[in-house]
Amino acid sequence: MVNLHLDPVGKKKVFDHLIEIGKMSSTGHIGTHLDCCTCAPEKPEYEISAVVLACKDGMPDVETLAELGTLEGKALVLHTVTHETNGYGSPEYFKKETFVSKDTLEKIFELKPLFVIIDSHGLGQSGPTHVSIDKNCEAHHCHVIENADLSS
């Protein structure tokens with residue numbers, strides 16, 4: 001099983017110090033994780049099929065997603081190559097816009113994936129937009145797994 005969330009409970013002083021000396025960004029979570037704003041996935045572990053979309057040249061649009069057919073019970077993997085090209089946690093990593101439009105997000109919901117996996121910091125701009133997208137995904141029984149290392 002892959003641990004999808006690093007929980008720094010009891011290590012706050014260490015993380016605060018690393019942020020203070022510039023060895024770690026305070027932009028968001030550390031490593032591969034999923035935000036559980038309103039609910040967690042039903043099971044503690046999944047073994048499912050995935051459909052991978054190459055997103056190096058941009059995020060998918062509604063038409064591209066429509067060609068996929070149903071994703072029910074599967075994961076949608078958005079491979080942006082942000083992790084490989086910018087290095088996880090670098091300023092460039094967090095500047096790379098890997099955001100989806102409202103229409104694209106609605107199309108993803110229609111396809112019914114269990115997870116959207118992305119090798120970047122999320123589907124929406126950091127802050128309220130990001131949280132809103134995560135909550136909307138959860139309302140559609142889908143969770144976003146962020147900062148996935150898809151390089152291997």
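Everything quoted here is computed from the prediction, not taken from an experiment.
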Quiz item: Would H141 and C39 satisfy side chain to side chain contact (heavy atoms under 4.5 Å, CB included), going step by step from the backbone distance to the final call?
Solution: CA-CA 9 Å; H141 310 287; C39 65; over 6 Å; no

Using side-chain heavy atoms (C-beta onward) and a distance below 4.5 Å, is [X] in contact with [Y]?
| X | Y | value |
| --- | --- | --- |
| V77 | V116 | no |
| L105 | C137 | yes |
| S120 | C55 | no |
| L34 | E146 | no |
| I48 | F115 | yes |
| L78 | M59 | yes |
| F99 | H121 | yes |
| C37 | V131 | yes |

Please tell me whether [X] and [Y] are part of a single hydrophobic cluster in this structure, the criterion being side-chain heavy atoms less than 4.5 Å apart.
| X | Y | value |
| --- | --- | --- |
| L68 | V62 | no |
| L53 | L123 | yes |
| L111 | I133 | yes |
| V81 | L150 | no |

Quiz item: Does E92 CD have over 12 foreign heavy atoms under 6.0 Å away?
Solution: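 Check passes, neighbour count above 12.
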
Quiz item: Taking NZ, NE, NH1 and NH2 as the nitrogens, is one of them in E138 or K135 under 4.0 Å from a carboxylate oxygen of the other?
Solution: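 Salt bridge between E138 and K135, a charged N being under 4.0 Å from a carboxylate O: no.
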
Quiz item: Out of curiosity, I145 CD1 to T32 OG1, how far, rounded to the nearest 0.5 Å?
Solution: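 Result: 8.5 Å between the selected atoms.
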
Quiz item: Can N86 and F94 be said to form a side chain to side chain contact (heavy atoms under 4.5 Å, CB included), step by step?
Solution: CA-CA 9 Å; N86 295 310; F94 290 106; over 6 Å; no

Practice problem: List the steps, then state whether side-chain hydrogen bond (donor to acceptor under 3.5 Å, both in side chains) holds for T82 with D119. | Solution: CA-CA 6 Å; T82 301; D119 61 337; 5.1 Å; no

Exercise. Using the side-chain hydrogen bond (donor to acceptor under 3.5 Å, both in side chains) rule, take S151 and D149 through it: C-alpha gap first, then chi angles, then the decisive distance, then the call.
Key: CA-CA 6 Å; S151 60; D149 183 356; 2.5 Å; yes

Quiz item: Only one of L114, L76, I108 clears side-chain contact (heavy atoms from CB on, under 4.5 Å) with L71; which?
Solution: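 Answer to the side-chain contact (heavy atoms from CB on, under 4.5 Å) test with L71 among L114, L76, I108: L76.
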
